[in-house]
Structure formats: C-alpha cells, structure tokens
Novice: 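One structure is given below, represented as structure tokens, and several questions about it will come after.
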Amino acid sequence: MPSFFKSKKRKARKRNNQHSQPPEFCQVIHPSLADQLDYIRNKTGSSTDIVIRKASFDEKLGIRTAIVYVEGISDKKTINDFLIESIIKNRELHEKHPKRDPFDILLDEVVALGDVAVHHQWDSIFQSLMAGDTVILIDGFSKALSASTRGGEQRSIEEPGSQVTVRGPRDGFTESIGTNIALIRRRIQNPDLWNEMMKIGTVTKTDVAIVYIKGIAKDEIVDEIRSRLKRIEIDSILESGYIEQLTEEHVLTTFPTYYHTERPDMVAGNLLEGRVAIIVNGTPFVLIAPALFIQFFQSVEDYYGRADIATALRFLRILIFFISIIAPASYIAGTTFHQEMIPTRLLIAIAAQRETVPFPAFVEALIMEVAFEILREAGVRMPRAVGSAISIVGALVIGQAAVQAGIVSPAMVIVVAITAIANFATPSFTVAISARLIRFAFMLAAATFGFYGIILGLVMLTVHLTSLRSFGVPYLAPIAPVIPSNIGDTLVRMPMWAQKKRPKLVASDRNETRVGDNQKPKPDESRGMKRTSEKNGGQT
Amino acid sequence: MKWIHRCLIPAACSLLLSGCWSQKELNDLAIISAMGIDLKEGGGYTATLQIINPANVAGGLQGGGAGTNAPPVSIYTAEGDNIVATNRQATQKLPRIRYYAHTNLLVVSEELARKEGIELILDAIERDAEFRMTSVLVIAQGTTAGELVKVLTPVDKIPANKVIKNLRFAEQQRGEHVTMNVQDIIKDLTAEGKEPVIAGFIIEGDPKEGVALENTHQTEPPARIGLGSLGLFREGKLVDWAEGSAARGTVWILDKLKGTNISIDWEDKQDAVVYEVIRQNTKVTAKLKQGKPAINIQVQAEGNIGETRVQLQLDDPKVLLKLEKAFEKEIEAELITAVEQAQKAKSDVFGFGESIHRSYPEEWKKLKAEWHDAQFPELKVDVTVEAFIRRTGLRNNPHKRN
Amino acid sequence: MEKAKISAYQLFVMIVLFELGSAVLVPIASGAKQDAWIAILVGMAGGFLLFGAHYRLYRYYPEITPIQYMQKLLGKFFGKLLAFSYIVLFMYFAARVLRDFGEMLLTFAYVETPLFIVNAMLIMVVVYAVIKGIEVLARTGELFFLLLYLLAVIGFILIVSSGLIELTQLMPVLEEGWGRVLKVVATETISVPFGEAVVFSMILPYLDNKDSGLGAGMFGLFVAGINLSIVMAINISVQGVEILTRSQFPLLTTVQSIQMAEFLERLDVFFMVSVIIGIFFKVSLYFYAAVSGTAILFNIKEPSRLVYPLGLVVLFMSITIASSYSEHIKEGLGLMAKTLQPFFLVLVPVFLLGIAYLKNRKKQA
C-alpha cells in the first residue's frame, strides 16, 4: 500500500514541475524592439537597476538597437567603452555594406569583447542578464546578443579570517566564483585542472563549480559528486553549507563529511591529493570532498614547516580534541565516582574547595559549561567595541565572584577554562563545534556511570566514527583501515621526501606517486668523517 | 525497524538519568586517612578512624582562615565484634560516608598483634574494594593503636602522612625498618617458610597532650610519634622486637637496605670511623650439606667514608683496604646477631624456608612440617660480606688534631 | 552473509583483541599455580592446531559459513541441529563474557549498581556496533588495538619501574612436573581462550585474500598467547601464587599495586579501559556470529532485525545463568570445561574436518 501512494506523489510532482515554468517564458522572442523592451520591463517589474540604453545602428535604415544590463553586477566601464561607444562609432559600417546582416556585423565587428553569445530564447537571455552580462537587442530580429561584462563591486582578495597561518600565502577566496577558480588555476598551471559549472537553485540559479585534476582525482568520486549535485532540487543555494547538507552521506552525526576552507593553497593541496573541490558563487568557503577525520586536525602550515614540529603539533591537536570532549566529564567522574584515583593530596585540595559548593558536581559543571557557552556565543555575535565588556563580565563575575561566593569551586573554573582553550585551539571549527556538543553527552554519561560511562561513550564514538564514510571513503582512513603507504600524513607528518604516494582511497590509482626517488637531502659529500679517513688511508 | 531506533534513544536517556547508584559527592565523604585497630576488653575490636578535615588541611581561598584554629583531622571510634561491624558502627556518629580508598595507614596495637595476631583483621581489608592493598601497616609499640592515631603532628598536618613518610625516609637513610603494605604482609604470611617483619611506632611524651591542637603549636611538641623497633612475627603473631643492629641486620638479609651508616672501632678508639653505605646487594642461597639444609648469605656493600675521629691516611688505598676489612667484620656481626635473634624467636622472617623451597622443592616437603620449631632454629647460616669504600668525601686525610 | 570484506590485518587484530578480551580479566590457568604461564603457552600450541582445522574447513568451503557447510557435511537435519547448537553456544558465551565483565565492575567500582544496568549499558554499545556490520567492527578493532597496546606498554613500564616484579615468585618451575600443567591445558587453556577462536570460522569467509587467513590467524593467536602468558607471569611475580589463586581479578590486583612518584597510583581506570575494550570486542564478535548465524540458518533477509531481540536474550541470559559470581565461575570450570568446551570447541571441529576430508577426497578421485 505505501508504495502506491509514493508513486502517485511522484507523478504529481512531475506535473508540478512542468507547470512551474510559465509557458510565456519559453516564448520565442518577438522581432519588434518595442515589444521586446516591454517584455523585459514587464518581467522585471521595471526594476530600477535594469538599465536600457537605446541607440540607432543605421540611421538611414533606422535600425534601432537597445543595450540592456543590470547596474551593479556589470562592469560599467566595459559597457561604455566597448559596447556603447563602439556601436555609436561604427554606425556607418552597415551603411557601407548594406547587404550584410546587421546582426552579423554587430557580432563580428562591433562588439569588442571576448565572451559573446547569441540567444534565441527569453530564459537564456534573462539568465545571462542576471549574471551581469549585457544584452544587445536589435529591432527586427527575434534573437539577441549577449556580451560578458560581469563585474561590479567585489570584495578584493584578502587574508582569510577563519584560517590564519604564520607562514604561508596570504590570499583568500572571495565571494566571486571566477576569482576563486582563478586563484586555484594560478597555483596549478596545468590543463588537467578541470572544472565543471552548473546552476543550482530554482530561484537563485547559483553557479556551482566542481574542480578537480583529471587523472589524479578518482573518476568514480567525481561522478558521484556530479550526480549528487544534479539531484539537488531546492529554491536557493546561498552558501556552500546548503550543498553540504543536501549531499551528505550521514545525517545522524555531528561530524562533518566535507572539509571547507577559505584558503586557495589548501584547496590546491587537496586537489593534488586527488580530492574534489566544490566552489559556490557568493561564498568564500569552498567545499572539499572526500573529507577524512584526520584532515580536521591538520593545518596547511604543517606542510610548510618542519616535519618533526608538525608531527608534535598534530599529537597536541588530538590531545586537545580529547580534552575538549572529556575534561569536564572526567572532573565529574573523578569527584563523584572515582575519588580513589585522585592522588590523596589533590583530593584533599579539591574536597576543601568543594566544601562550600551547594551543588552536586554534575550540576556545578553543567552551570559553568552553559555559562561559558553563553559567554562565547555573546562574544561571537557582539560588535567588536562591546567585546571587551563581555570578557570583563565573564572574567569578573564567573571567574572571580562565583568562586569567592563559594558557589563554584576554583577547580571547576580551571577545568572549564582548559576545556574552552582546548576547544579554541582545535584547528577546524566544525570539529570544535561538534566536540562542544558531544561534551555535554559525555558529562551526562559521567554523571551516571563515572568512567564506565565515559569509556562506553568513547567506544560508541569510535564505532560511530568508523561507521562514517565520506563519498565511500571510510572516515578514519588511513588509520582504520590501516593503509601503510599513507600513514605518513596522519598523526605523524613525514618529511616531503618520505611521502611518496597520494592517499590510496582518495586518489586515482593510475597516478599514485608524488615524489621521485632519492629525494632525501644529504650533506655535501666532501664533508664528514668518512670521506676524510678514506683519503688519509689512501695516502699512507 | 525505525520505531526501535526511536524507542531506544529515550530508553537510553531514561536509563542514564535514573542512574547514579554508585555516586558519592565529595562533600559527603569522610576521607579516612588512618585506621587504628585495638582489642576491645571482653572480645571484639575497637577501631579508631582518623578523618581528614579538608578545609583545615588545604591552603588557598577557602581554607585559609580556618586552617590554624581547627585540627586537620578528627577522630571517631567505634566498637564491634569484627572489622566490618566495627567500621559500620562508626556511622552512628559520623555525618558522612566512610571512604577508605585513601586510607594509607593501618595501625595495629601491640596487644592485638601479640594475642590474636594480624591474620584475622587482614581478611576484611583484602576483600574490600575500597581499601587499598598498598596501605602501610605498622604496630603501635607499647601503646594502643587508638592513642597513636590520635596524636597530632607538626610539619605534616595529616598524622597518617607523617607516619608513612617517617617510615619511608628512615628506611632509606637508617635501614632499621621496612615499609610493609598489606599486600606484602599477606604475601609473607601465606608463603611457606617466610614470616613478616613490621615496623613499630611509639609515642614519646604524654599521649593525652597529643590530641590538642596546641601539640602542633610548640617547637617541641609534648607528644610525638616516632619509630620504634622492628616486630618479628611467627604464625601471624608478634613474638619479638628487633632493635638497633639486629633490626638492621634483618633488613640487610631481606635485601631491602637502601642506605645506612656503620661505625667501627679503630686503634682503641670506639666508633672511630663511620662508613656510609649507599648501595648494597644481598643474595640468600640455600644449600644441602649431607642432607641438611644450610643458608649462605652474600653481601656486597658500596659506600663512602662519612666521618673519622682518628688520624688516618685515607689517601692510601692500603688503609682503605684495611678499613674495608673492618667494616666487613662489623656488618657480618650485625647479620649474625639478627639471625640469632630470629632463631631464638623461632621466626623465619628472612624467608630461608622459601629459598630452600625454591631450590629444593623435594626436600622442602620433608622439612616443611617441623620447619619453625626444629629446623629453622638449628639452621646453619654462613655470612660473607664484601665492603667497598669508593670515595672519602671532599677531603682525603682528616685535619690535624692535638 | 552481509556484503563485506576484511583484510588479513583486520582479522589478526580481531583475533588478538578477542583472545585477550576476558582472558586478561579472569584468572585463567590458575590451577597450574606458578606454572600458569606455561599452561597458557602449551594451550596456545593446541589453539594453533584447532585454528588450523577451522582454516582447512574454510578452504574446503571458502564461500560459505560453518552454518551452511555443516548442513553439507552432516545432512540437512543434523547439520541444522549442530548449527543451531553453535548459535546457542555463541550466545551463551557472549552472555558469560558479559557476566564476567559486569561482575568485575560491580566488585571493584560500582558496588551499589544493579548488574542488569551495567550489562545493559555494554550490550547497548555492542548492539550499536553489530548493527553497523563486520567491517565497522574490524576497523574499530584496528583503532582499539593501538590503544590497548599503548596502555599495555605504559602499564608494563609502570609495573617494572615501580620495582614490583619478583621473578623468584615464579620458582620453582614445574614443581609437580608436567602433570598439573597438562591437566590445566586439557580442561582450560586449550578451549578457553584459544579454542574460542571457533567464532572466527564465521568470519573467515569475509577475507579478501584467502591465503592470508592462516598466517594472520596463527600470528594473532601467537601474539595473544604470548601476551597472556606475560600478563600471567607478571601477575604471579607481583602478587605471589597464593594471592593470585585467591584473586577474582588478578590483573586488577597487579594494577592496584602500582605506586609511582606518589601520583601514579590507584590506576584502576587504566585497567577498566583495557578491559572494556577487550570485553566489548569479545561480546561483539560472539554476538555477531550468533546474529549472522541465525540469519543464515533461518533465511532472514535483514539480519539487523535480529539484533535487538537477540541482544535482549543475551542480556537476560547474562543475568540468569548464575546467582553468584562463585557459581558463575564454577559453572565455567565445571560443566563448561568438562563437557561443552571440549565437545564443541575441540571435538566437533576435528570431526567435521575429518568428514570434509573424506568427502572431498572422494570428489577428487
């Protein structure tokens, strides 16, 4: 029975789809210029940002043209210099060759711009018009010409705010998809860097590009991403997060299966590992898929700095992740279940602090953690000028007054502070924020079963993480399952000359090798003990 | 199948929320630092619980003011027929949950150790999940356990800590005592052919003065806890106290000596040269001589010269060799004193029986039955000592004296 | 059978975790006194032979599970009967391991908590993992394997450096000859933990590389056996035989003896982490075998439907199999050790291998 209903619904939706596009929209363009302009005015509700400039092309024959563009998203200087001026200057061209089609003359000789297209239908005209192109209509022709004049005010390339590094390039993505693709192309100057553009969003018609390196990216993954993007039916895509939510494999998880970044060098690095980038117009955040858990603990700087230091930092980050998940839970478990495991002197110190605290440890921890979350949320949304006020209130009221009043214990404040700092230090915001949420679940588990609860929670978390996949790649690869050739770029970061292979499950197996043989740098051969002693041996 | 998932999550949550069975808030715990056990008149036990008042021990914000006016520990006593009953009886007066996981010290009175033995009281401690096998056990020598536990101590605010640290550092530097925890003692009690030695603690001065906070407010407290002798046990009962060189000899044979000082007579002057042992290694081996068991003890000691009270050419290696010989004799004498005292007490605290068991399991079966009464007291023990003087300190020869 | 593939390394990891599972927790081979570690090593040798038998059977029928080849070897009725009894056995074993664990937690840390709750929490996690399938279980194993060995190495360093080990406690070696050791091997160690590897005959068909199964399995048993033997030797040399034979949880006693720098002591939680990991794996694998076996035997298309009801069965079984911990252990050493284990873990696999050998020889001829 249920299947019957389903099929009916599907049919109904199909019919709706057909209705959704009004028949007049597909209508063929009327040859009269006046009608055409009327139609445009009608369709756009005579919006003030639609500019229509009329000009005559051949005064003798009275061929009139109209130039239509949208103010603000198109480059006014280009329109003036290469379209309007050019048309006015070349008025006599048609007079010289009256036999030629004026449309062709316009197309071939007058429009001095690179990207020119001919449209026969209204919807494609409007699409290019809304994207910032300029449309040229000529009286008597039921087709139109469009020239690419996209531009207008845009944010310039700035240093990305969300992923700051000490060493590394300073440019970041902007809201413009063209600029973003260019930033990647500038780093990977190779014809194999392919991108595919599509429009998603029935209303917004947002440009979405899939970018990958042909031959390095796995074809199956590219196909999968393409088909998932094609499947999207939604009115709008305002940020890459929309795409992320619509194409994830797992819904019931707090962990991200897409990586997102503002840094072109990071995208370039990931493309070279065989991953695929999804760029959405209107946001500087580029999605990268497939994303693995370990990636969220890596920073671009790891690759720019020394390998040993990067390795140490990565261990630190994993430690940080665990601290931000289980520090308050451990405090609860330690003080309410497992007092025996706290060293005697520490226990006495904590007990002395807790003598006056009127709440059970769990409630105390919950109050402090929630208070801190409120502070943080306030700090994020506040205008910068008020920000310092919050830190004063937070430090004084919660840190000082609450402790002195004996409502919370200093030990708890320390725990909350460590947790908070640990959370800030997690390199990926998405993982940090999911750790924030999971932390409360662990606190609950600790309050009911102590460390047993925490450990069971960790086992469950591990099972959950191993069960996740990002575009078919196990989330915890290359640690579980172990892939020996890729282990060099996980928790440890081996030197560049020792990381010979691309990630096996991500990259295409036709092009695995990254680094040539014998790349390990060596000291100058003329130095060192060995050589000298040999020489001496030869002399005597 | 979806409905099961949907039911499971609320079920799990309710399970979590209804939990809290084994939960104990820190404010509800009476952290017991030491437990003293005495025999009650007319059977049963008296337990004295030393409970920490955290606010009076810890410094910092909350404890600051109160620390000086109130004692760091409180004492609760209880009586009962067995250890569990005695301890549960303490709840009649205690407003908190007794918490034994930090009970690092267990004091048994000499009377209890002599009359009933320590075997019976250890069962409850071994069985209990909270109580630690690493708790140190000592005997209240010449006093009751209750008195010893009650005495307040300066420097280390918690008396139990003072006792344990006292014992540990004396063991390291003087070598007349051994720190024995419950597990070690049970191991020794149950082993075939080995008996435990347990350190004794005494109260110097008037125990009555020790309970008041004033005791800690004086440079020389009227009541003071100090180390006593080393108790020798047989079949779980205290039979004798070993003191001075006999005690040190015992520790030496047990290979637990970490450092000590030995003084010898030199050229008619008593205790003229002092040897500081910094390292030693003792091996006990069992042998069969014409079917009779014999024990061979080999000692290797290393150390420095700590003090001289006569003129000596210490920069001369030959003199050092002579000194070494003298120290060897001194150490040998101590070891023999220790063995003789143990043999007189018929208490094989050295584990000679165990070494025979390990080396000659077949012979041991025959010896086992009459080991303590007949075999051990008659056992032939050979001692060989090698002492090495490595350094003589910052000076070689002593300064000239007239 | 679900559509899944596991690698040889994953098989190895699962065998190690499975074998260590409850064996590090409860006193095994304590009947052999100070020679318990020898009894474990000899038992391991027996375990090799048994695993070899499972592997031979797997090579005869590489595509199907024992549930199916039992029917081929013994005929429909007897095959199904035997397969069914194996499923019940797996569930019983899962329940026993769960009970071991629950008893441990209740004895040393959660005295006031009902056994049902403690077991229910663990079985919930097990159910969650089994629903995700064997691949997830295997990958989780790879992670936990690393964690477990990290803990083991730290624990070992702590025990050695706090000077607890007295190797003389291991003497005299073979005090009463081989008799006592071999008796313990025959009744205990060959079947538990080594014979328990029978559960892996249900998992062998998932191997992606058939030839690697034998090596991975043997190596897994070897590593587990050596580790168990070392753990037992440490237990004996720290506690002495006398305390060891009376300890309900010998490793716990050893861990509790650690005292380092006045800070690293009372490391019970350390012990709890490693035990939970091991137990989780053992219960999960038994439970997985029971669930997938039931699904195959009764032709159930969606095995995940079985997980919840069977999980409840295991949970209730774990509560009801014994009224006290002593009864539970006695059951294990009595009825189990004398009848069920030798029969199902030793005799039946050998018998099946014999029939398979005869049948296949005929076929070839």
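Everything numeric here is computed off the predicted structure, so don't read it as measured data. Naming convention: chains lettered A, B, ... in sequence-line order (proteins, then strands); numbering from 1 in each chain. Atoms considered below: every heavy atom in the structure, side chains included; atoms not considered: hydrogens, waters and symmetry mates.
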Novice: Decide whether a cation-pi geometry holds between Arg228(A) and Phe471(A); the criteria are a distance under 6.0 Å from NZ or CZ to the six-membered ring centre and an angle within 45° of the ring axis.
Specialist: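 That pair qualifies as a cation-pi contact.
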Novice: Given a strict heavy-atom distance threshold of 4.5 Å, which part of Ile31(B) is in contact with chain A: side chain, backbone, both, or neither?
Specialist: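 Only the side chain of Ile31(B) comes within 4.5 Å of chain A.
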Novice: What part of Tyr99(B) gets within 4.5 angstrom of chain A, counting heavy atoms only: side chain, backbone, both, or neither?
Specialist: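 It is the side chain, since no backbone atom gets that close.
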Novice: Given heavy-atom pairs under 4.5 angstrom as the criterion, report whether the side chain, backbone, both or neither of Ile350(A) touches chain B.
Specialist: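 It is both, since atoms from each part get that close.
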Novice: About how many Å separate CG of Leu444(A) and CD1 of Ile332(A), when rounded to the nearest 0.5 Å?
Specialist: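 Interatomic distance, Ile332(A) CD1 to Leu444(A) CG, rounded to 0.5 Å: 9.0 Å.
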Novice: Considering only heavy atoms, which portion of Asn104(B) lies under 4.5 Å from any heavy atom of chain A: side chain, backbone, both, or neither?
Specialist: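 The answer is the side chain of Asn104(B).
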Novice: Under a 4.0 Å N-O cut-off, is there an ion pair linking Arg376(A) with Glu373(A)?
Specialist: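 Salt bridge flag = yes for Glu373(A) with Arg376(A).
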Novice: Applying ring-ring contact (aromatic ring centres under 6.0 Å, His included) to Phe255(A) and Phe293(A), what does each step give before you reach the verdict?
Specialist: CA-CA 8 Å; Phe255(A) 291 95; Phe293(A) 186 62; 5.8 Å; yes
